[in-house]
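To keep things clear, I will list the structure first and then write my remarks on it.
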There are 2 protein chains.
Amino acid sequence: MKSNPTAHDVARLAGVSQSAVSRAFTEGASVAPATRERILAAARELGYRPNAIARTLITRRSRIVGLVMSYLENQFYPLVIERLSQALQRDGYHVLLFISETADADAILADILQYQVDGIVMASTTLSSGLAHDCAEAGIPVVLFNRVAQLGAMGRFSTSSVTSQNREGGRLVGEMLVRTGHRRIAWLAGQENASTSLDREAGLCEALADAGLSLHARGVGRYDFNEARRAVMELFADPADRPDALFAANDHMAIAALETLRADLGLRVPEDVSVVGFDNVPQAAWPSFALTTVQQDVDSMVEATRNLLFEQIEGEVMARSETVPCVLVERATVQARRN
Amino acid sequence: MKSNPTAHDVARLAGVSQSAVSRAFTEGASVAPATRERILAAARELGYRPNAIARTLITRRSRIVGLVMSYLENQFYPLVIERLSQALQRDGYHVLLFISETADADAILADILQYQVDGIVMASTTLSSGLAHDCAEAGIPVVLFNRVAQLGAMGRFSTSSVTSQNREGGRLVGEMLVRTGHRRIAWLAGQENASTSLDREAGLCEALADAGLSLHARGVGRYDFNEARRAVMELFADPADRPDALFAANDHMAIAALETLRADLGLRVPEDVSVVGFDNVPQAAWPSFALTTVQQDVDSMVEATRNLLFEQIEGEVMARSETVPCVLVERATVQARRN
DNA sequence: CTGAAAGCGCTTACAG
DNA sequence: CTGAAAGCGCTTACAG
């Protein structure tokens with residue numbers, strides 16, 4: 001295990017100063033083309049690669065972004081990891097990943113901070129106001145992905161966020177369900193305090209109110225597959241008072257609902273009940289599900305995240321929230337009812 | 001954006017030297033308890049956190065592990081990310097993530113190397129022998145996850161790996177299929193050069209040979225959902241010569257097969273054809289699929305990876321390959337045939 | 001265009 | 001137990 005060659009080794013071999021070596025590897029630094037060639041050749045010979053850690057120490061730019069996630073079972077998040085990581089790689093950035101199952105996102109973040117990350121993306125977790133304060137103090141941009149800052153006591157340290165237009169998405173579904181003659185519409189919530197769930201529900205309820213309707217029933221699945229199945233069993237327990245449509249706060253739960261409706265309750269979708277989800281994960285398109293859903297535009301969300309991050313890393317711009325439109329994708333789980 | 005407090009700031013406030021501050025934050029360093037208390041208090045007051053980058057420079061231990069993946073659509077990989085990342089976090093390590101869609105894993109790895117990672121895990125990608133050489137030279141342990149080193153020209157730089165007992169897994173399926181009376185067994189391969197696909201196929205063929213049988217047909221799905229669907233269409237194109245069982249190299253393709261068989265070919269599973277997968281991803285258990293499959297024990301694989309990594313980081317131990325047993329999980333996609 | 005020097009924020013022998 | 005000093009591998013003014 002011999003240690004890596006350093007800029008000094010290269011300098012010696014190329015017959016230049018160590019500073020010259022550094023310049024040869026720095027975009028736009030002033031080096032004579034011939035010198036640079038000689039240095040690069042020497043570097044190649046020794047297998048030299050600049051030490052990014054040493055560079056970070058002095059430039060105070062690690063080109064690392066911390067990504068905090070809590071669970072990957074919902075296929076939407078692997079997609080986010082994939083796209084975000086690729087987008088960042090294109091800019092020469094890298095993703096330091098943190099999985100926080102429990103609520104100790106704070107301990108984990110304290111950890112991240114030690115690594116001098118240039119920014120933090122929080123998906124499927126929220127930042128405590130204490131840490132939000134620390135990040136703001138330290139000038140580390142934070143963007144909340146698919147969730148919105150909770151304004152707590154320390155609400156003034158506002159954090160950037162990117163979300164879909166969840167309320168509009170919920171409204172779209174509500175309007176479509178009303179238009180197709182549904183009258184007993186049930187809502188399957190995610191986490192009770194998640195902005196995504198809250199906003200989608202608000203949109204749905206608005207659309208219902210416009211039609212003089214209100215929620216027929218309401219269950220809570222906490223964005224969990226098994227919780228969702230349990231909630232659906234309850235929602236459909238009374239055969240005399242069944243919903244004619246179920247709108248789930250995400251596809252993951254909508255699929256759980258589909259499975260439960262068919263396998264456990266012996267109901268047909270869409271003949272007996274219509275089902276709608278949110279996200280448009282890859283499985284929603286599988287023939288077994290053919291789920292009608294609202295598409296979250298991952299690419300646009302990732303792009304917005306990248307931009308928000310970089311504009312804050314580069315400048316001193318304030319936190320800002322961005323919102324991405326979403327569209328209804330109609331497949332086969334909704335059927336018009338005649339009343 | 002004021003910059004973070006340093007050990008010097010803390011030292012000044014606590015009235016000690018900067019070295020003392022460093023010791024207060026170093027496990028087992030010799031500091032008087034009272035001094036340490038005073039320092040910790042000062043640090044808390046200033047919001048000081050040791051700079052992990054500076055520490056890395058001097059200790060030559062980044063506590064960062066590079067994880068290289070190529071695509072996350074197959075649910076098996078998000079599971080791996082989640083478990084591996086959690087296991088490493090428990091040891092105070094962090095995961096730097098790299099998504100390499102194309103074959104330019106080399107460029108990406110060169111990138112990782114700059115970050116002075118303490119080790120590298122390669123999943124769903126293989127390491128070129130050139131880079132394997134570099135890593136060995138630099139003393140950076142590499143472990144291949146779910147794939148095995150290709151012995152090329154530079155084969156002497158062997159790389160550690162952890163895999164399931166793929167051949168045995170394939171054999172298990174072959175024996176079960178034979179035992180249940182199947183005679184026209186088709187194989188749906190993954191990537192043609194992937195050790196997982198090759199080994200599982202070899203195991204299957206062994207079991208068939210033992211029964212005096214051989215493969216009835218063979219398709220290639222390249223571990224891709226749509227490729228798999230296409231391959232299944234071909235495999236079942238001739239109604240007069242249909243396989244009575246299909247074994248896919250992973251669940252992702254087995255599910256694709258299920259969808260195609262039912263939705264496009266109007267066949268019933270298991271009545272018309274039996275289907276078996278490999279991995280036991282969460283979806284395999286969903287009622288719509290109830291897929292019979294071979295379970296890869298992710299937790300044991302992750303544990304083995306962690307151990308292999310650490311024994312190499314700590315000592316000078318040689319590369320080693322570890323193999324994890326797998327078991328057949330029988331669900332509802334296989335039906336006995338009477339001939 | 002190039003080199004000598006200072007310094008990024010730490011850890012770690014070395015004395016005391 | 002504690003401090004002064006050297007040094008990890010770089011970048012970046014500053015002179016020339």
Side-chain angles (χ1 to χ4, degrees), chain A residues 1-40 42-43 46-64 92 113-118 138-139, chain B residues 1-40 42-43 46-64 92 113-118 138-139:
Chain A
M1 155 144 186
K2 62 161 151 326
S3 81
N4 286 319
T6 71
H8 261 109
D9 302 326
V10 177
R12 202 173 313 121
L13 182 61
V16 296
S17 73
Q18 182 265 134
S19 335
V21 175
S22 173
R23 290 195 189 96
F25 282 92
T26 309
E27 196 85 21
S30 91
V31 223
T35 318
R36 157 171 268 140
E37 270 324 305
R38 200 146 35 90
I39 293 172
L40 261 24
L46 297 177
Y48 170 76
R49 266 182 273 271
N51 181 325
I53 295 293
R55 173 183 291 154
T56 294
L57 193 55
I58 199 155
T59 61
R60 326 186 112 258
R61 270 295 152 81
S62 61
R63 301 185 85 79
I64 290 180
L113 258 20
Q114 302 199 155
Y115 280 91
Q116 316 300 112
V117 296
D118 291 344
Chain B
M1 154 145 185
K2 61 161 150 327
S3 82
N4 287 320
T6 72
H8 260 110
D9 302 326
V10 177
R12 201 172 315 120
L13 182 60
V16 295
S17 74
Q18 183 266 134
S19 334
V21 175
S22 172
R23 289 192 191 99
F25 282 92
T26 309
E27 196 86 22
S30 92
V31 222
T35 318
R36 157 171 269 138
E37 270 324 305
R38 197 143 38 88
I39 293 173
L40 261 24
L46 297 177
Y48 169 76
R49 264 182 274 271
N51 182 325
I53 295 293
R55 172 183 291 155
T56 294
L57 193 55
I58 200 156
T59 61
R60 326 184 112 258
R61 270 296 154 80
S62 61
R63 302 187 83 80
I64 291 179
L113 258 21
Q114 301 198 155
Y115 280 92
Q116 316 299 111
V117 295
D118 291 343

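The chains referred to below are lettered A, B, ... by the order of the sequence lines, with proteins before strands, and numbering in each begins at 1. Below, each value reflects all heavy atoms present in this structure, side chains not excepted, and no hydrogens, waters or symmetry copies.
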Review item, side-chain donor-acceptor pairs of residues 16-25 of chain A, under 3.5 Å, at least two apart:
residue  : atom : partner  : partner atom : Å
Ser17(A) : OG   : Ser19(A) : N            : 3.4
Ser17(A) : OG   : Ala20(A) : N            : 3.2

Inset, instruction - Please tell me if the side chains of Thr6(A) and Asn51(A) come closer than 4.5 Å, counting only heavy atoms from C-beta onward. - result: no
Legend entry - Atom pair CD1/CG of Ile53(A) and Leu57(B) - distance to nearest 0.5 Å: 8.0 Å
Legend entry - Proximity to DNA chain D (any heavy atom under 4.0 Å), residues of residues 11-22 of chain A only: Gln18(A), Ser19(A), Ser22(A)
Inset, instruction - Return each pair, listed once, that meets salt bridge (charged side-chain N to carboxylate O under 4.0 Å, His left out) where at least one residue sits in residues 4-15 of chain B; pairs must be two or more places apart or across chains. - result: Asp9(B)-Arg12(B)
Inset, instruction - Could you pull out the closest heavy-atom pair between Ala42(A) and Ala14(A), with the gap in Å? - result: CB-CB, 3.9 Å
Legend entry - Range on DNA chain D touched by chain B, heavy atoms, distance below 4.0 Å: dC1(D) to dG9(D)
Inset, instruction - Report the distance from atom CD of Gln116(B) to atom CG of Asn4(A), rounding to the nearest 0.5 Å. - result: 6.0 Å
Inset, instruction - Report the distance from atom CD1 of Ile39(A) to atom OH of Tyr48(A), rounding to the nearest 0.5 Å. - result: 10.0 Å
Legend entry - Separation between CZ of Arg49(B) and OH of Tyr115(A), rounded to the nearest 0.5 Å: 14.0 Å
Legend entry - Nearest-nucleotide comparison on DNA chain D, the residue closer to the 5′ end among Thr35(B) and Arg60(B): Thr35(B)
Legend entry - side-chain hydrogen bond (donor to acceptor under 3.5 Å, both in side chains) involving Ser62(B) - partner list, sequence neighbours excluded: Asp118(B)
Inset, instruction - Specify the residues of residues 26-34 of chain A, ordered by number, for which at least one heavy atom lies under 4.0 angstrom from an atom of DNA chain D. - result: none
Legend entry - DNA chain C: stems of at least 3 consecutive Watson-Crick or G-U pairs whose donor-acceptor distances fall under 3.5 Å: C:1-3 with D:14-16, C:5-12 with D:5-12, C:14-16 with D:1-3
Inset, instruction - Would you classify Phe25(A) as touching base, sugar-phosphate or nothing, given that sugar-phosphate means primed atoms plus P, OP1 and OP2, and contacts are heavy atoms under 4.0 Å? - result: nothing
Legend entry - Arg55(A) side, atom CZ; Arg63(A) side, atom CZ - distance, nearest 0.5 Å: 8.5 Å
Legend entry - Approximate separation, where rounding is to 0.5 Å, of Ile58(B) CD1 and Arg60(B) CZ: 10.0 Å
Inset, instruction - State whether the side chain of Thr56(B) and the backbone N or O of Ala52(B) hold a donor-acceptor pair below 3.5 Å, judged by distance alone. - result: yes
Inset, instruction - Sequence neighbours left out, what pairs pass salt bridge (charged side-chain N to carboxylate O under 4.0 Å, His left out) with at least one residue falling in residues 26-38 of chain A? - result: none
